[in-house]
Amino acid sequence: MTPCTCPYLCPVCGSWYCFGHNNGGGGGGGTNPGPESNGEPELPPTQPVIDCSNSVNETIRTKTGSLINTLNGIGRNTHGTKNYISFTDFLNSVASFPSIENSTSWYCYGGKNLLTPVEHGTSIDVHINWHDSIVCAVHNHVTGGPPSILDVMTAARLAKEGEKFESLLAYNALDSSYYAVCIVDRTKAIAFYDTYNSDVGSDRKYVPGSDIGGYFEDTLEDFLYFTDDQLVFQHAAVFSKFDAGMKIVKRLSNGQTETYDVKKEPNKTYLTPIKCK
């Protein structure tokens, strides 16, 4: 039988051969996986494994929750001749301009927590102010979606430019949740930026055919059934594969925080998606 060439379940023939990493990416499988010992094909996972055994995942989950709590409490302030906003001012700006991205940056300077005046962007982009005292960069996503590839690379760049930098937040005004791209190892995050920044094209995607671009595309198969979290787990897979020194955490509207991760298990074609919560 000739295998389908579709990257996922073939809508024409329905063959399980449509699954599998055709060029050894994603979970690291071969051309097309054969059936498991019970005669059934291995299919991509449909649910994450809940697991906080990795202490880094638990630590960054707790730390991100505390960071967002502190951010929400920052009020208006001044430093020298400059005026700084409150986080409520930022939220009000997002509410007033929901069809564009808004941003503010949190500086820790002179013993003060300071938020820069709101920058207004387009529906898909906004300038992020930075200073070597930056702790966190915050912007909203109009559609409420997770961090983009450009957001990931921006977080790595800010880790290089500010030794206090901890996290880049993407705020969702639709349900008051946050995604956070968190720095867990600054040296590794900087190395990731220096090595792979040039692999992000003008379309803000990984360059097709590059090592990181090819791997990122392959991981679509691993998380085929994760409509809402697919991109987040793809980022987590890239962070793991390329030792990026970063993690993605989600802060839900109820205050709960979740760290996203992946694991490659022996004799498994597909990566195992993990949530620590």
Side-chain angles (χ1 to χ4, degrees), residues 56-57 59-68 70-71 87 90 101-108 115-116 119 121 124-141 144-172 177-201 203-207 210 212-213 215-216 219 229 231-251 257-262 276:
V56 174
N57 288 339
T59 298
I60 199 63
R61 183 185 74 82
T62 303
K63 186 177 180 180
T64 300
S66 297
L67 180 141
I68 293 175
T70 301
L71 174 66
F87 193 64
F90 169 76
E101 293 191 1
N102 305 257
S103 76
T104 183
S105 295
W106 168 6
Y107 298 163
C108 183
L115 289 177
T116 60
E119 293 274 354
I124 60 170
D125 189 28
V126 67
H127 173 72
I128 291 178
N129 285 306
W130 72 274
H131 181 275
D132 58 13
S133 63
I134 188 171
V135 174
C136 178
V138 192
H139 69 294
N140 67 296
H141 280 180
S148 65
I149 290 171
L150 185 60
D151 289 336
V152 164
M153 206 58 70
T154 298
R157 174 177 63 83
L158 291 173
K160 181 176 183 176
E161 295 174 340
E163 63 180 17
K164 297 178 181 179
F165 182 75
E166 296 184 23
S167 182
L168 181 146
L169 300 180
Y171 172 67
N172 178 6
S177 64
Y178 301 81
Y179 284 101
V181 183
C182 306
I183 307 303
V184 296
D185 187 312
R186 191 171 308 279
T187 300
K188 291 181 178 180
I190 292 170
F192 177 81
Y193 175 79
D194 287 343
T195 304
Y196 299 108
N197 177 53
S198 60
D199 287 340
V200 178
D203 60 356
R204 307 178 186 204
K205 299 178 181 180
Y206 291 124
V207 175
S210 64
I212 195 169
Y215 181 80
F216 183 82
T219 59
D229 288 339
L231 178 58
V232 190
F233 279 121
Q234 284 185 275
H235 287 322
V238 166
F239 293 168
S240 176
K241 174 73 171 180
F242 295 92
D243 202 15
M246 295 185 285
K247 295 281 187 180
I248 287 194
V249 176
K250 186 174 185 179
R251 163 76 171 255
T257 50
E258 304 174 341
T259 305
Y260 291 76
D261 202 358
V262 300
C276 170

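- At least one donor-acceptor pair closer than 3.5 Å links the side chain of Thr116 to the backbone N or O of Ser105.
- Under the 30°/60° scheme for interplanar angles, the aromatic rings of Phe216 and His235 are found to be tilted.
- Summarising the geometry of Val238 relative to Tyr206, their closest heavy-atom pair is CG1-OH, 4.1 Å, with the distance given to 0.1 Å.
- Without hydrogens or angle criteria, Thr257 side chain to Thr62 main chain gives no donor-acceptor distance under 3.5 Å.
- Applying the side chain to side chain donor-acceptor pair (under 3.5 Å) rule to Lys250 yields the partners Tyr179; only residues at least two apart in sequence or on another chain are considered.
- Considering CG of Leu158 and CG of Asp132, their distance stands at 12.0 Å, rounded to 0.5 Å.
- Inter-residue side-chain proximity for Trp106 and Thr70 is flagged as met; some heavy-atom pair is nearer than 4.5 Å.
- Closest non-hydrogen pair, Ala137 versus Ile134, comes out as CB-CD1, 4.3 Å.
- Among all heavy-atom pairs drawn from Phe239 and Val152, the shortest one is CE2-CG1, 3.5 Å.
- Listed by first then second residue, pairs satisfying salt bridge (charged side-chain N to carboxylate O under 4.0 Å, His left out) with a partner in residues 144-163 read Arg157-Glu161, Lys160-Asp194, not counting sequence neighbours.
- With values rounded to the nearest 0.5 angstrom, Phe87 atom CZ is found 4.0 Å from Leu71 atom CG.
- Expressed to the nearest 0.5 Å, how far CD1 of Ile68 lies from OH of Tyr178 amounts to 6.5 Å.
- A pairwise comparison of heavy atoms in Val207 and Gly201 identifies CG2-N, 3.9 Å as the closest pair.
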Test side-chain contact (heavy atoms from CB on, under 4.5 Å) on Val262 and Thr219; report intermediate values, then the result. CA-CA 11 Å; Val262 300; Thr219 59; over 6 Å; no

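- Here Phe242 pairs with Tyr196, Tyr215 under the ring-ring contact (aromatic ring centres under 6.0 Å, His included) rule; sequence neighbours left out.
- The CZ atom of Arg204 sits 13.5 Å away from atom CE of Met153, with the distance rounded to the nearest 0.5 Å.
- Atom-to-atom distance recorded for Ile212:CD1 and Asp199:CG is 6.5 Å, nearest 0.5 angstrom.
- Using a 4.5 Å heavy-atom cutoff, the side chains of Glu166 and Ile183 are not in contact.
- Side-chain atoms of Arg186 come within 3.5 Å of backbone N or O of Phe165 as a donor-acceptor pair.
- Nearest heavy-atom pair across Cys276 and Arg61 is O-CD, 3.2 Å.
- Put simply, the side chain of Ser240 never gets that close to the backbone of Ala236: no donor and acceptor are under 3.5 Å apart.
- A 4.5 Å side-chain heavy-atom check between Thr154 and Trp130 finds every atom pair outside the cut-off.
- With Lys247 as the partner, the side-chain hydrogen bond (donor to acceptor under 3.5 Å, both in side chains) test is satisfied by one option alone out of Asp261, Thr64, Thr259: Asp261.
- A distance-only check finds no donor-acceptor pair linking the side chain of His139 to the backbone of Tyr171 [under 3.5 Å].
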Begin from the C-alpha positions of Phe90 and Val138 and carry the test side-chain contact (heavy atoms from CB on, under 4.5 Å) through to its verdict. CA-CA 9 Å; Phe90 169 76; Val138 192; 3.9 Å; yes

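- The shortest non-hydrogen separation linking Ala189 to Ala156 is O-CB, 3.6 Å.
- With rounding to the nearest 0.5 Å, the separation of CG in Asn140 from OG in Ser103 is 8.5 Å.
- His141 places a side-chain N or O within donor-acceptor distance of the main-chain N or O of Pro146, the cut-off being under 3.5 Å.
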